[in-house]
Amino acid sequence: MNKNLELKTTPLPIIASVSRLVTRIVDRVTGDRVDVPLFVAGACVEALRCFGVESRVMYGKVAWIEIMEDHSVVWAGCWGENFHFWVATQFGEIVDLNTSVACRKSSHFSPQMKPLYSPPILWSIDVPSFYRYVPEGIAEIDLVDESDKRKFELVLEEIRKKCKPSCVEGVKNDELEFPNESILCPNRQVLDDSLETFKKFDRALSVQGIPSAPI
């Protein structure tokens, strides 16, 4: 019997391992994971499979809050003719390992504005009001470009080598290593990065408030 069936959320040691390895590996292989959300989601599903957790790549409309250089608060993301990829776990969690680095990329809607902060990596059933996810279906990874195929295979090969249950067995929560990016874990537990990015994001949000969402 799969012992994960008795759980209500992904165990924190698995969240730490998957988020750290997937973000590092995809960033290294592709140069910047912000441009390849499908790679990230596919790698996350494979990593979770290695730990016995079922998940799927989802696609649809997504919006998140970003804090701009002038400290204004705007919605960014993918809607209209654009769509985004994320992961849904067997526990009903939304997993998006790209939100924390979304500010690396200019918005489709305000390319002249430079974002300073975006929200944390999301790994939670409860989704705060500064994210919006509207699923349209389950995505299939069918890469056409040969270069993309090779990169994705390299990512999966390394994931399979490093994502092993033995790596998280007996590891205490205070010994866990997460990526150095803010991350929102189950039960709305926020782990900030060394630059206190979430603290700055949250401070601007508390002053400016959240505007009406586009989706």
Side-chain angles (χ1 to χ4, degrees), residues 15-48 55 57-69 71-79 82-88 93-124 127-128 130-133 139 141 148 151-152 154-156 158-159 162 176-185 189-205:
I15 293 175
S17 184
V18 171
S19 61
R20 183 185 75 254
L21 289 171
V22 170
T23 55
R24 287 182 182 176
I25 292 169
V26 180
D27 270 339
R28 188 182 71 253
V29 171
T30 67
D32 192 340
R33 73 182 191 274
V34 74
D35 293 319
V36 288
L38 182 58
F39 271 39
V40 175
C44 185
V45 165
E46 182 64 19
L48 286 170
S55 61
V57 178
M58 307 298 295
Y59 75 92
K61 298 177 178 64
V62 176
W64 56 79
I65 288 288
E66 291 185 351
I67 311 301
M68 312 307 285
E69 279 184 316
H71 291 277
S72 61
V73 175
V74 302
W75 284 100
C78 300
W79 59 88
N82 303 301
F83 54 88
H84 184 59
F85 300 98
W86 67 94
V87 171
E93 299 158 318
I94 289 178
V95 180
D96 191 340
L97 303 183
N98 267 22
T99 46
S100 59
V101 294
C103 57
R104 293 177 185 170
K105 194 171 185 177
S106 296
S107 167
H108 293 297
F109 308 99
S110 301
Q112 74 282 1
M113 299 179 69
K114 180 175 174 57
L116 283 179
Y117 311 117
S118 48
I121 284 173
L122 177 61
W123 197 309
S124 180
V127 180
F130 44 80
Y131 307 94
R132 292 284 193 280
Y133 286 82
I141 302 177
D148 287 343
K151 289 178 181 178
F152 191 57
L154 285 172
V155 168
L156 295 183
E158 189 168 350
I159 288 291
K162 295 183 176 179
L176 299 177
E177 182 186 356
F178 289 84
N180 187 22
E181 300 172 16
S182 58
I183 179 170
L184 175 62
C185 296
Q189 178 184 4
V190 179
L191 306 177
D192 214 345
D193 59 20
S194 59
L195 298 176
E196 297 187 323
T197 299
F198 179 72
K199 183 177 180 180
K200 296 169 184 174
F201 173 88
D202 190 51
R203 183 185 299 132
L205 205 58

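Since the structure is predicted, the reported quantities are computational estimates derived from the model, not experimental observations. Worth knowing before you read on, the calculation uses all heavy atoms, side chains too, and leaves out hydrogens, waters and symmetry mates.
- Nearest heavy atoms, R104 versus V34: CB-CG1, 4.4 Å.
- When only modelled atom types and interatomic distance are considered, H84 and N98 share no side-chain donor-acceptor pair under 3.5 Å.
- The shortest side-chain heavy-atom distance between V73 and F130 does not fall under the 4.5 Å cut-off.
- A distance of 13.0 Å separates NE2 in H71 from CG in L205, rounded to the nearest 0.5 Å.
- In terms of heavy-atom proximity, T23 sits nearest to S19 at OG1-O, 2.6 Å.
- I121 contributes atom CD1, which lies 7.0 Å from atom OG of S182 (distance to the nearest 0.5 angstrom).
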Residues K105, D35; criterion side-chain contact (heavy atoms from CB on, under 4.5 Å); working and verdict = CA-CA 8 Å; K105 194 171 185 177; D35 293 319; 3.4 Å; yes

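- Tested against F83 for a ring pair (Phe, Tyr, Trp, His ring centres under 6.0 Å), the candidates F85, W86, W79 yield a single pass: F85.
- To the nearest 0.5 Å, atom CG of residue N180 and atom CG of residue D192 are 9.5 Å apart.
- For Y133 and D96, the side-chain atoms include at least one donor-acceptor pair closer than 3.5 Å.
- A 4.5 Å side-chain heavy-atom check between D202 and V190 finds every atom pair outside the cut-off.
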request  = Would you sort out whether W123 and V18 count as a side-chain contact (heavy atoms from CB on, under 4.5 Å), showing the intermediate values?
outcome  = CA-CA 11 Å; W123 197 309; V18 171; 3.8 Å; yes

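- Residues W64 and S100 fail the side-chain proximity criterion, which asks for heavy atoms closer than 4.5 Å.
- Side-chain N or O atoms of R33 include one that pairs as donor or acceptor with a backbone N or O of L97 at under 3.5 Å.
- Nearest heavy atoms, A41 versus V87: O-CG2, 3.4 Å.
- With contacts defined as side-chain heavy-atom distances shorter than 4.5 Å, the pair P115/M68 qualifies.
- Under a 4.0 Å N-O distance rule, the pair E158/K162 qualifies as a salt bridge.
- Taking 4.5 Å as the limit, some side-chain heavy atom of I65 sits within range of a side-chain heavy atom of F201.
- I159 CD1 to L21 CG: the interatomic distance, rounded to the nearest 0.5 Å, is 6.0 Å.
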inquiry  = Using the rule given for side-chain contact (heavy atoms from CB on, under 4.5 Å), can you reason through C185 versus F178, listing the C-alpha separation, both sets of side-chain angles and the distance that settles it, and then say yes or no?
reply    = CA-CA 11 Å; C185 296; F178 289 84; 4.2 Å; yes

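- To the nearest 0.5 angstrom, S124 atom OG is 10.5 Å from I183 atom CD1.
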ask   = Can S118 and T99 be said to form a side-chain contact (heavy atoms from CB on, under 4.5 Å), step by step?
value = CA-CA 7 Å; S118 48; T99 46; 5.9 Å; no

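- Inter-residue side-chain proximity for V95 and L122 is flagged as unmet; no heavy-atom pair is nearer than 4.5 Å.
- Of all non-hydrogen atoms in L156 and G42, the two that sit nearest each other are CD2-O, 4.4 Å.
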